[in-house]
Amino acid sequence: MFGFGFPVEYKLYINIFFIILLSVGILRTILKYLYFKEKIIPRVIIFDIVSILFILYCIKIQITDYSWFFVSKYLQFAIVLKLVREIATPNLNFKRSVITPPQLFIFSFFILVFGGACLLMLPKATYHPISFLDALFTATSAVCVTGLTSVDTYITYTPVGHFILMLLIQAGGLGILTFAGYIAYFFKGNSSYENQIALGSIANNDSLSEVFSFVKRIIYLTFGIELVGAVLIYISIAPYNISIVDKLFFSIFHSVSAFCNAGFSTLPNGLMNKGFVHNYGFQSVLITLIFLGGIGFPILINILRYTDYLIRKLISKILHNKNNRKNWVFTLSSKVNLITSLTILIISTIILFFEEYYSTLGQHQGFGKFISALFIAITPRTAGFNNIDFSHLQFSSILLVILLMWIGASPASTGGGIKTSTFAIAILNFINIARGKNKIEIYKRELSPINVQKAFATMTLSFLVIGIGIFLITKFDNHLHLIDVAFEAFSAYSTVGLSLNLTPTLSDPSKIVVITMMFIGRVSMITILMAFFKKTVSSNYRYPSDDILI
């Protein structure tokens, strides 16, 4: 399946081994219920029955329709399905005394990156052999939902490679532990207290009673939006003369890539491809997916809850002539992030529309100019799709794009950057200092000082990492222009994926620097510091306060 060659006569023994292995797996599943009295969970029983029937069907297909000297894809898929079922049952065995949630989070991404690099090295994943460094670069970019590539994705990777990339993007966008935790919960029906703490920390949810319901909403919401997005993309490319299978995969791949803010494309030359650069319906779907993936899951859940409330209110008013009042709309975090995201998007679209009207937008007409300007404005918010050559932007537009990349998406989203909430807190703090106020008040709420501390720590650490990255890249490749290197560094740290055509020309040491920056940007520098420093237990004493000269 993956291109490793071996003598034909060995395939007979491989087929026999696979069939025996699957038969033992089926027998083991049956004995779990009949002999070992495994806990009865309806959804798990349904899954086991369906999977057993499917595995038996795959064995039948192999025996009746294929030669014993050919390993069918049906049999291979059955093996993968059984493997997933068996490894999903055990607990994560998370112990806070051994490993902390930040360490577990970082370690999971580390394993996913190296595992993905190994998969991309498979013979059938590429059209021609690539170095491990290029495979590691691509895997890191996919897992960290960045989009930077040291090799051409269309020319280098086969459909199998593109499928592996899509899986890495999906796992990286939501976090592999989110999937692993939910799958374990799905099959076991419960979870240990320690595992709930770990998953709650990773999912940014402090309420242990709501951890798995929150994670479930995230997964269902993600797959639901991606499914709708794939359908709309399929409709937008319906006139194109390509096979149905290719259209389906293209639609699913770009829907996943857009919602996860990854920026990968299977098109030659990306979205600058002449067959798609004027497909404004396709670009509009991507814009919507990028925005939904970047505003954060808490906001999406808030929007769904509020929509449900409005519908119920409307029905109640029509049927019972009652107007039930409810003061709840959005949480403070949702309000700040949503308003900041929309404000930045609107302002940047207007600026880029007029700045690039006769330049990069010159090839578009009428409404197409607006859609293209909107796409250019939203893709630096960590999406990374390129419907234009960004090296052709006006210098002022390049600086604006760097700012947009640095700000990034909202917290608890699939995007990167310092986050919109951090930027909003910084602006509010500047205004408060100018007005002589010592606390931040917004929407009749006083912001906790710890939020201000985290915001400015995030900003400072981002400049530190980006600055070191720029220094090292200019050290290893001293012939490069500073603006190109700075653009690359901001793009890597903010997991955006845009480039001024610099990435493929980087030397190996510079590629390692960019890989490191992408990884740090995805897991965040604060998480790395928390992983290495022991958390201080709060004390009941305070020292006398004093001031230093600023």
Side-chain angles (χ1 to χ4, degrees), residues 173-175 178 182 200 203-232 255 258-261 284-347 349 374 378 381-383 407-415 417 419-425 427-428 440-448 451:
L174 296 184
T178 302
Y182 178 71
N204 295 309
N205 193 310
D206 296 328
S207 177
L208 294 184
S209 61
E210 297 180 0
V211 166
F212 284 103
S213 61
F214 182 72
V215 169
K216 183 170 66 176
R217 289 193 197 104
I218 289 176
I219 292 176
Y220 289 172
L221 200 58
T222 297
F223 290 152
I225 292 174
E226 289 175 350
L227 178 61
V228 173
V231 171
L232 293 176
S255 181
F259 182 76
C260 291
N261 280 224
S284 298
V285 177
L286 293 185
I287 288 170
T288 305
L289 289 170
I290 292 167
F291 183 79
L292 293 176
I295 61 174
F297 293 108
I299 297 178
L300 287 175
I301 293 171
N302 265 191
I303 291 173
L304 289 177
R305 285 177 174 173
Y306 187 59
T307 303
D308 178 67
Y309 156 68
L310 288 178
I311 293 172
R312 291 176 182 273
K313 179 180 177 181
L314 181 62
I315 293 173
S316 177
K317 187 175 182 180
I318 294 173
L319 297 180
H320 307 290
N321 198 25
K322 293 181 180 179
N323 188 12
N324 298 324
R325 297 180 63 88
K326 188 173 183 179
N327 295 324
W328 179 85
V329 182
F330 288 120
T331 63
L332 178 62
S333 177
S334 296
K335 284 182 181 179
V336 171
N337 282 294
L338 188 58
I339 291 173
T340 305
S341 295
L342 289 173
T343 303
I344 292 173
L345 180 59
I346 293 170
I347 292 174
T349 300
L374 181 60
I378 200 169
R381 307 292 304 285
T382 84
I407 296 171
S410 299
S413 70
T414 58
K419 309 301 183 187
T420 51
S421 56
T422 300
F423 184 72
I425 289 172
I427 297 298
L428 290 171
I440 298 178
E441 296 174 344
I442 181 171
Y443 295 115
K444 298 181 180 181
R445 295 288 189 274
E446 181 180 332
L447 203 61
S448 172
N451 291 131

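Along the sequence shown, residues carry numbers from 1. When reading the values below, keep in mind they use all heavy atoms of this one structure, side chains included, and skip hydrogens, waters and symmetry mates. Keep in mind that what you see is a predicted model, and the values were worked out from it rather than measured.
In this structure, L428 CG and T340 OG1 are separated by 8.0 Å, a value rounded to the nearest 0.5 Å. To the nearest 0.5 Å, atoms CD1 (I303) and OG (S334) are separated by 8.0 Å. Between atom CD1 of residue I290 and atom CG of residue L345 there is a gap of 10.5 Å, rounded to the nearest 0.5 Å. Note that the OG1 atom of T420 and the CD1 atom of I425 stand 9.5 Å from one another [nearest 0.5 Å]. Separation of atoms OG (S413) and CZ (F291) is listed at 11.0 Å; rounding is to 0.5 Å. Between the CG atom of L332 and the OG atom of S448 there is a distance of 11.5 Å, given to the nearest 0.5 Å.
The main-chain N or O of G293 is found under 3.5 Å from a side-chain atom of T414 such that the two form a donor-acceptor pair. In this structure, S341 contributes its side chain and L338 its backbone to no donor-acceptor pair below 3.5 Å. No donor-acceptor pair closer than 3.5 Å links the side chain of R381 to the backbone N or O of A409.
Within the 4.5 Å cutoff, no side-chain heavy atoms of L292 are placed close to those of F297. Here the side chains of I225 and L300 are in contact, with some heavy-atom distance below 4.5 Å. With contacts defined as side-chain heavy-atom distances shorter than 4.5 Å, the pair F423/I427 qualifies. Between L304 and L221 the shortest side-chain heavy-atom distance falls below 4.5 Å. Within the 4.5 Å cutoff, the side chain of S255 has heavy atoms near those of the L289 side chain.
Scanning for side chain to side chain contact (heavy atoms under 4.5 Å, CB included) contacts around I346 gives I350, with sequence neighbours left out. Residues satisfying the side chain to side chain contact (heavy atoms under 4.5 Å, CB included) test with S421, not counting sequence neighbours, are N337, P411, K419.
Of all heavy-atom pairs between V285 and G229, the closest is CG1-O, 3.8 Å. Taking every heavy atom of both residues into account, L447 and N451 meet most closely at CD1-OD1, 4.0 Å. Scanning both residues, G417 and T382, for their nearest heavy atoms gives N-CG2, 4.1 Å.
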Check your understanding: Hey, mind stepping through V228 and F223 against side chain to side chain contact (heavy atoms under 4.5 Å, CB included) and telling me if it holds?
Key -> CA-CA 9 Å; V228 173; F223 290 152; over 6 Å; no

